[in-house]
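Counting starts at 1 for both ligands and their atoms, following the listed order.
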Amino acid sequence: MNTANQSYDPNNIFARILRKEIPCKTVYECDHVLAFHDINPIAPVHVLVIPKGPYVSLTDLSARGSDAELAALLRAVGIIARHLGLDETGYRFLANNGADAHQEVPHLHIHLFGGRALGPMLSRKEPA
Ligand code: AMP
């Protein structure tokens with residue numbers, strides 16, 4: 001997936017959540033951002049923070065998005081972490097971009113993880 005050139009698919013699952021065609025458990029919302037619990041969490045806290053605009057990836061948002069959208073996305077991560085008490089114990093946020101990162105949903109999303117010791121950043125093993 002070359003997310004720099006990929007056109008936005010308006011029927012991806014997060015676009016449908018934004019249109020309220022599919023429910024989600026919202027944890028935060030502002031003009032530019034929606035955040036909700038991941039449907040298949042891999043940590044006690046696993047929240048997805050997404051821009052409301054139609055961006056495939058961070059590459060895409062950084063090329064086409066406004067400063068306000070970029071700032072709102074990052075600010076939301078901090079607001080949610082504080083709101084959920086994660087800044088006390090620590091947390092991790094990451095965004096998978098493209099094929100090597102195993103991005104499954106082609107709408108930019110930041111994963112916010114916390115609630116347990118998360119281990120090292122990346123496995124040193126090659127995936128099988
Ligand atoms: P990624 O591999 O970075 O594209 O992550 C996609 C994430 O979206 C996975 O963690 C999924 O569990 C999550 N996901 C897929 N569908 C939904 C949904 N309907 N509601 C909430 N999270 C979802």
Handout entry: Co-membership, hydrophobic cluster, residues I110 and F113, 4.5 Å side-chain
Key = no

Problem - Listed once per pair and sorted, the salt bridge (Lys or Arg N to Asp or Glu O under 4.0 Å) pairs that draw on residues 11-26, sequence neighbours left out - result: R16-E21, R19-E21

Exercise for the section: Output yes when the distance from some N or O of ligand 1 to some N or O of I39 is under 3.5 Å, and no in every other case. Expected result: yes

Problem - ligand 1 N/O within reach of V105 N/O, cut-off under 3.5 Å - result: yes

Fill in the blank from the handout: Closest heavy-atom approach to atom 11 (C) of ligand 1 among N40, D38, I42, I110 is made by D38

Exercise for the section: Consider only side-chain N and O atoms of H111 and H46, and report whether a donor and an acceptor are under 3.5 Å apart. Expected result: yes

Exercise for the section: Measure H109 to ligand 1 on non-hydrogen atoms and call it side chain, backbone, both or neither using the 4.0 Å cut-off. Expected result: side chain

Handout entry: Sole candidate of L34, V33, L108 that passes side-chain contact (heavy atoms from CB on, under 4.5 Å) when paired with I50
Key = L34

Problem - E104-ligand 1 polar pair, N/O distance under 3.5 Å - result: yes

Problem - Region of H37 engaging ligand 1 - heavy atom pairs below 4.0 Å - result: backbone

Completion exercise
When S57, P51, P10 are each screened for side-chain contact (heavy atoms from CB on, under 4.5 Å) with H107, the one that passes is P51

Handout entry: Beyond-backbone contact of L112 with L94, side-chain heavy atoms, under 4.5 angstrom
Key = no

Handout entry: Where ligand 1 meets H102 - atom numbers and elements under 4.0 angstrom, heavy-atom basis
Key = 2 (O)

Practice task
Pull out every atom of ligand 1 sitting under 4.0 Å from any heavy atom of N96, numbered as shown with elements.
Solution key: 1 (P), 2 (O), 3 (O)

Practice task
Go through ligand 1 atom by atom and flag the ones less than 4.0 Å from a non-hydrogen atom of L48.
Solution key: 8 (O), 13 (C), 22 (N)

Practice task
Would you please say whether a donor-acceptor pair under 3.5 Å links the side chains of E69 and S66?
Solution key: yes

Completion exercise
Closest to atom 8 (O) of ligand 1 among protein heavy atoms sits F14 CZ, 3.4 Å

Practice task
For R92, check salt bridge (charged side-chain N to carboxylate O under 4.0 Å, His left out) against everything at least two apart and list the hits.
Solution key: none

Problem - Those atoms of ligand 1 less than 4.0 Å from some heavy atom in H111 - result: 1 (P), 3 (O), 5 (O), 7 (C), 10 (O)

